[in-house]
Structure formats: structure tokens, C-alpha cells
Student: 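Structure below; questions to follow.
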Amino acid sequence: MLEKKYDHKLVEESKYSKWLEAGYFKSGVRGSEPFCIVIPPPNVTGRLHLGHAWDTTLQDIIIRYKRMDGFDALWVPGMDHAGIATQAKVDGKLREEGLEPRSMDREDWLKHAWSWKEEYAKNIREQWGVMGHSLDYSKERFTLDEGLSKAVSTIFMKLYERGLIYRGERIINWDPAAKTALSNEEVIYKEVKGNLYHIKYYFENSDEYITIATTRPETIFGDVGVAVNPDDERYKNIVGKKVLVPFINRVVPIVADDYVEADFGTGMLKVTPAHDQNDFEVGRRHNLENLLCINDDGAMNDLAADFSGMDRFECREKLVEMIKDKHLEKIEEITHSIGHSERSNAIVEPFLSKQWFVKMDHLAQQVLDFQNTEDKVNFVPKRFEKTLTQWMENVHDWCISRQLWWGHRIPAWYKGDDVVVSVECPGEGYVQDEDVLDTWFSSALWPYSTLGWPDNLDEKYFPNNCLVTGYDIIFFWVSRMIFTSLEFTEKKPFNDVLIHGLIRDKQGRKMSKSLGNGVDPMDVIEEYGTDSLRFFLATSSAPGQDLRYDEEKVAATWNFINKIWNASRFVLLEESEEKELSISDKWILHKMNLTIEKVRKHMEKYEFNIVGTELNNFIWNDFCDWYIELSKVERNNKILRLVLTNILKMLHPFMPYVTEEIYQKLDSDTESIMISEYPKKTKEFAFPKEYLELEEIKDVIVKIRNIKSELEIPKGFGIINNLENSEIINKNKEIFEKLLKCEMVNESNLDKCEVTFGRGSVVVCYEAEEDNNKIEKLVQEKEKLEQSISKREKLLANEKYVANAPKEIVEMDREKLKIEKQKLADIIKEIK
RNA sequence: GGAUGAUUAGCUCAGUUGGUUAGAGUGCUACGUUGACAUCGUAGAGGUCACUGGUUCGAGUCCAGUAUCGUCCACCA
């Protein structure tokens, strides 16, 4: 017997370790056809947040469903070393301990980083366990483990051999705090208030000058020219002349270049090729020198003369102050967007630097071509395929080297000008590149590197069947997995991509540390249990839509589980026995069949919100409100148990714990619900005739309850049992009496009210109280009916409608019109 | 500037290829402790589907445009 009240803590306490010990999560044991999902690896930087919980819950639902449905299900766990993010955290921790990380020995530092990793990996595994995730831990991987490192260097070398990777001097985004290059995707642009300084550049040996507007006066030390638009009439005559850079008096030429917009600022641009992407290109077109004037830590270098060693922003202020009289024309306040490092939040310095890049044109084109084939990767919802192609059409080369310690060391060796790409040292005198690869480089190989590529890829599980992730990383991650996979395995990495949105707080704001509105899934679980949280996360939004976290909805889910719990208590009151099927039994079995069919259909399409609604309706409305009530008239324990069992199975992927608990109570001989068979629709349970008949009974009961409430009929009313009543009433006397709490009588002198339904009518007799509103109510209903009738008559008079609309619909309208007319006649009679 | 999503009941959201009187949860109102559940039951009120046109016998759904909010990308010397 179950406890009187559902207690999530008690129910969820020890089940996970039992499943784990029994080996239910292991792949290659049950089922034949493979079904594989590889988890998006969380960063080993901290605790899992609600977004992770959502993402992984969806995966666990899919995996549990497939496992029960006879597949050999494999869900691969794993984590990401998260280069810059983890390095920043480890450095922070070391500094707290009074150590200066950058002056440590690289190997020593790495030891600290690995112990950090072990600690956080343990936390993450614990959280997965609390959330009930059925991951096959025997296959767990880490992006920096031996096998994955081999995959990374193999890909690097192959890309190099194929000419898809190169080393070059380019303007990259430099993080002066972390002292590393960043990819464009790691730069976050924010609107900031700033100044536009209008600065005078004098001609050589002259008092005449031109005025240039710049937001970054401190970069004048890197100035090598001034550019104007070739079509700008104002400046045509000065192109080719030379001006002096303020303060340092460097002589630089005025050049004409299309990039310059005549309308912006003064229509003149100072050219600083080493600190701006566009200037770099202008400089290249006009053979200008590249002069770096800022160091890798954001301080000015020797070119800045007196300002050498000063921070770039301090230099800006001081310099403007010093040139104020002679060179500053005015300062204009503007709002512009400034790039910040995603991790350190430092203002990014565009920086000329030698880095490794992946050449993107061929790889991106390959994705575009592949997505035009029948074999393409299917996104759910489909519209995200457009997001992918849009990205692929607008890619730029990918900067993959990072000046960090935590990551895959670049397999490149240098000796003088000689560059050799190789894992092993190619010979004496060669020195390995100090840098590591962008974290996303290893993540890009995740679907196959985790399955043994390159040495022994487990082809049974590849391509993966499904990937689940948020739309925010379609480019960073999904697209990169697709192009590396197409290029190196010659297969797509996965068949389906299920995309979900972002999780937001109750006001619809993004959850973030700075707002402090984040919710720890473990806190929610403490209060409402894993099952409630999972069901809420999986069923509260449509695929691809954002989700607002709403505690009230989690609480509502708890109530739903409590309802299931109590229904189960009712079922468990008596033992099972053989019995002939009643109309109610046949009705619920047929309805169950219909539900199984719908649930399966929507499970296959990852439409868990619809599955949730279907199950909620079936369980709460059909099973609890009707079938259990009908069971109080005539009880069939075998069917009660059978339907409940199927309900539990369909719910199990969503609520693994409570379903296991009740399942074990229903049948103590069974091993576990998680390896039981997922319900299938069967002909044996198809009873369309009885189903319709009971639907009609329900309809009559609801109509009588309706009238009862409307006319304020007190308890203990009667239904007249005579030949004029439909057969349906007489045949199911007990059902009506029990569910309506009324009596079937032969005749009565009391007030009467006729209730019509599909195939007949029934007379309710009752002791009427004075009701002055009765006539008013009837008149109201009459008006409503008349309106509806006139609308329908008009519709049916429309020849085009009758000709074009489907026959069933026209027929239905005719039928309805007939019923409405009958009702109207009844009401008119009653009013009189 | 480009792309994309949202706009439906007080609130949070569903609404499949156009087709009954547009649904759910929550909240609200009235009544009710009948042999699992008051964390419950029965019934009810509540919507000009953002706006303007168009296509159609028929539009929440399709097309064009407008407005408001959000997200991503690019750019801003």
C-alpha cells in the first residue's frame, strides 16, 4: 500500500544508485537497433544551471523512451575542458591562495587545473544523478583525454595537409586581460557612451590642417596614413599630400580609398593598420606599414614615446590633455558598440598578430551542398535549418590559436623559419608552438571523437541519432560538428537536431549572474522533486521556443503527480482478478489505445508539450474523473491495474522516479519500469462501439449536471424511467444513479425539465425552489440559439459552401441545425 | 543594416495540411467532504486571436504591409 501523501524525497531517495548498479544505463545489453545521443558536454567550470537541466532532461526523455521501445540506447556522457573559462577560474583560485599563476611552471599549473577538473566533474556527475539521467558512464569522455586529444591532433594535421589550415598575420581580437587571441564569436559587443575626438593633423611646414574624427586618439602612435573617399569633392586636391601625425610628427600620406564614408565624421579616416581590421585592409591596399603601438597587456609600447608602459585608456586621457591646445578641435559625445571579451569582460583590442586559422570557404560550402540533399541533417523545428545556412553563407576564417595553457597544444614545431606540423617532435632543435587550440575545435569533433574516432570508431552508434541543444550555439557548435564530420568521416554527425530555446525568469529576462536571477535546479528539486521539475521543463513550451521558469507551474506538476499517486492508491486497494469486461472497461481500453497512438506519434516528433497535454488529459480527465468513478459502480481490478501500468510507462521518460515506485508496488515481481516494454496500441482493446456509447452516457451526465447547476436543483432529484427514455438510460441505470447521485423513478408529480441529447431525451424531476430568474435564463438561451440557427442557415444556403466544403462538415452542420431547431422548440414551449 | 522569433483568457502558454461554438494550466466565482486525492470534486464566468488590407464558400492559421517587444549577426573611423 502507498503512503497517504506523495513524498518526492522518499520516492526519489535511493532509486538512481539501484538503476546504476543494475546496469540499466549500459548500452549494448538490451535491444538490437541502436539509438545514440551524445550529451552536449558541460564546462567543468561550475554547477549546472536550469538551462542544462532542461537540455539534458529532453535527452533523457528521448533515451528512456527509445530504450523502453526496444532500442539499444546509448547516451554518452562527457565534459568540456572549456579553455579560457576554466583557466580564468583556476587562475582566480590560485591568486586567492597567494600564487601568481603566470609565473608558475606550466606543468605545475596544469596539475592544479586537472585537480580543479576532477572536483568539478564529480559535482556534475552528482547533479546528473539527482536528475535521474540514464547515462552510460562506461563511455564517459573528456575533451582533453587521450583519445580525444588524438582526434584533435589528427584533424589538425589533416586540415593542414589539405590546405585548410594556415598560419598568418591578421588582425585578431585580443583579450588584454587573459592575454590571448579570441575568435569573433567570443567577442560580445555592448553599447557604450564614448567620445568622438576631432583632431587636427597639420600639413608639413604649414599652419593649415585637416580634421580627423576618432574614438581612439591613443592609437595615433600607430598611424601610417590618412584616408578619404576618392569621390569626395572636398578632398580631391589633397590626396597624395602629406600630413604630420600629432605629437609625434610622423609624416604620413593622404590616400583615397572607397572604404571611407564621406558622410561620417569629417569624411577623413586615420589609418592604423595594426589596430583595426578595416584599417589593416586599407593599409594593405596602399602599401602602408603596420605599426603596433599597444602591448599584449593593453599598455602602450615604445612607439608611444612618453606614454610607453601606460595603460591605453589612461594614455588616451593624458594625450588628449597634452594636445588640447594645438590639435583638439572638439569632443563630440557618441554611443557606439565596443567589443568585450566573453570571459574576462576586458575591452577587446584589435591586434595584429600571427595566429593559426581554419580556412572556411570550402568547409562551409560543403555544409550548404549537403543540406541540399535528401540525406541532410533534420532540424526540429525545421526553421533552424535556415539559421545554419545563413551562418554558412557568411562565414569568415576561424582563428583557432589561443595563448593559454589549458587546452590542446598546437601540434606545430618551429626551427628558424621551418614549420613542421606533427604530434611528435620532428627532430633536434625544433620547438613546439606554445599555444593551445580554441575549445570549440575539440567540441567540433565531439559526436565521433567520443565514439573512438580515428582509431576505432564504433560505427554502430554513428551517425548519432539525435543532438539536443539550444539555438544560441547553432553556429559555434552545431555547424562546426557538421563540417568537420562531413570532411573527415564523410558522414553527417547526427540525423536530427532538436533545438530548444533559452530559459528565462518569470519576468522573461535571461537568467544571468549579474542579475542574480538564476535558479539552481537542485533547489527546485529539493522543494518539488526531480519528477516535477523534469515534467515542467519538458512540457511547458513548444520546440524551439524560450521557456519562462515559473515556480507555480512546477507546483502544479507536483499536484499532478500527487493526483497520480492517489489514483494509484485507489487501484492498489484490491487485488487483480479475471472478470468480464463492462462498457466502462471497454471505453477506457479503447481510449487508452487512442492515447498510446497519439503519445507515440508526438514522442517521435519530439513534441513533448503535446505528449504532456495528452497524458494529463487521459490521466486526470479520463482515468481519474471518469473511469475511477465508474469503477465505484462496477470495479474491474485487472483493467484498473492494466491501464495504470500503461500510464506509468508512458509517463516514465518524464517522471522516472515516481513511476518506478508505483510500478514496483503494482507488481513486485517485475525488475524495473525503465526496462519494461513501452505501450503499444492493440486490436484486442479496440471497442469503438462501446466507446461511442459511453461517450454518449458521459454527454448526458454532463448535460444533466449542467441543468442541475443552472436550475439550482437540490440533491436527491430523480430521473423518470419510462419508455420514452432512451434505451441508453435504462440500460445503464446504475451508472446514472451513482454518478449523478439521483434516483431512477417511474413517475413523479414534481417539477420537470427535459434534457435532450443525441439520440433521445430524458426527464429530470425535482422540487423546484422559487426561481424568478428562470424565464430570464430561458429567454437568454433562446436568443443564443436563434443567433446560431440563423448563422447556420445562412451558411447552408450558400451554394459555394455546400459545393466546396468537405461533405462531413456540411453534414455536421445540417445535423446541428436540426438539433438546435428542436431545442428552440422545446424552450419556446417551456416559456409558454 | 541583415536575419529571426513573439503578439491568442487576469497571468503563463498550446493551437499540426485553412473547416464544429478557439483550448490547457493557473487565477477568479458558486456549490460540494459521495468508499484514491480539499494538493480534491462538480459547474460557471472570462478572448474583436496586435493592427490594416488581400486570397478563399470559409482565416488565429495563407499572402502583403504597419506597430510593439525580444534574440542573433554585421557595422559604426
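Lettering follows sequence order; numbering is per chain, from 1.
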Student: So what does N798(A) touch, heavy atoms closer than 4.0 Å: a base, only the sugar-phosphate, or nothing?
Tutor: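 Sugar-phosphate contact only - N798(A) comes under 4.0 Å of backbone atoms but never of a base.
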
Student: Can you tell me whether the side chain of E629(A) and the base of A36(B) have a donor-acceptor pair closer than 3.5 Å?
Tutor: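 Under the 3.5 Å cut-off, the side chain and the base do form a donor-acceptor pair.
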
Student: Should N394(A) be listed as having a side-chain N or O under 4.0 Å from OP1 or OP2 of A74(B)?
Tutor: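 For A74(B), OP1/OP2 do not have a side-chain N/O of N394(A) under 4.0 Å.
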
Student: So what does K4(A) hit on the nucleic acid, given a heavy-atom distance under 4.0 Å: a base, only sugar-phosphate, or nothing?
Tutor: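 The residue K4(A) makes sugar-phosphate contact but no base contact.
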
Student: Remember a base hit wins even if backbone is also touched, and classify V271(A) as base, sugar-phosphate or nothing at under 4.0 Å, heavy atoms.
Tutor: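 Counting heavy atoms under 4.0 Å across all strands, no contact is made by V271(A).
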
Student: How about CZ on R284(A), more than 12 heavy atoms from neighbouring residues, nucleotides or ligands closer than 6.0 Å, or not?
Tutor: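 12 or below, so no.
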
Student: What contact category does K506(A) fall into here, base, sugar-phosphate, or nothing, at under 4.0 angstrom with non-hydrogen atoms?
Tutor: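 K506(A): no heavy atom of the nucleic acid under 4.0 Å.
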
Student: Over all strands shown, is N804(A) touching base, sugar-phosphate only, or nothing at heavy-atom distances under 4.0 angstrom?
Tutor: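 Here N804(A) touches the bases of the nucleic acid.
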
Student: Could you tell me whether K708(A) contacts a base, only the sugar-phosphate backbone, or nothing, with contacts defined as non-hydrogen atoms closer than 4.0 Å?
Tutor: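 Touches nothing.
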
Student: Using a cut-off of strictly less than 4.0 Å, decide whether N566(A) has a side-chain nitrogen or oxygen near OP1 or OP2 of C40(B).
Tutor: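 Answer no for this pair, as no side-chain N or O of N566(A) is under 4.0 Å from OP1 or OP2.
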
Student: What does the B/S/- profile of nucleotides 20-25 of chain B look like, 5' to 3', with a 4.0 Å heavy-atom cutoff to protein?
Tutor: BB---S

Student: How would RNA chain B look in dot-bracket form, 5' to 3', counting Watson-Crick and G-U wobble pairs with both distances under 3.5 Å and writing | for bases paired to another strand?
Tutor: (((((((..((((.....[...)))).(((((.......))))).....(((((..]....))))))))))))....

Student: On the six-membered ring of Y471(A), is R383(A) placed so that its NZ or CZ lies under 6.0 angstrom from the centre and within 45° of the ring axis?
Tutor: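 Relative to the ring axis of Y471(A), which defines the angle, R383(A) lies outside at least one limit.
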
Student: When all nucleic acid strands are considered with a 4.0 Å heavy-atom cut-off, which category describes W391(A): base, sugar-phosphate, or nothing?
Tutor: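 If one applies the 4.0 Å heavy-atom cut-off, W391(A) turns out to touch the sugar-phosphate alone, with no base involved.
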
Student: G32(B) phosphate, OP1 or OP2: any side-chain N/O from K741(A) under 4.0 angstrom?
Tutor: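 No, because none of the side-chain N or O atoms of K741(A) sits under 4.0 Å from OP1 or OP2 of G32(B).
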
Student: Just call it for A567(A): base, sugar-phosphate, or nothing, with non-hydrogen atoms closer than 4.0 Å on any strand.
Tutor: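 Base: the residue A567(A), judged by heavy atoms under 4.0 Å, touches a nucleobase.
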
Student: Would you mind telling me which of K818(A), K816(A), K821(A), R814(A) makes a salt bridge (Lys or Arg N to Asp or Glu O under 4.0 Å) with E793(A)?
Tutor: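 It is K821(A); the other options fail the test.
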
Student: Under 4.0 Å between a side-chain N or O of K510(A) and OP1 or OP2 of C72(B)?
Tutor: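 It does, given that an N or O in the side chain of K510(A) lies less than 4.0 Å from OP1 or OP2 of C72(B).
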
Student: Tell me whether the side-chain N/O atoms of K605(A) come closer than 4.0 Å to OP1 or OP2 in U16(B).
Tutor: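 Checking U16(B) against K605(A), no side-chain N or O comes under 4.0 Å of OP1 or OP2.
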
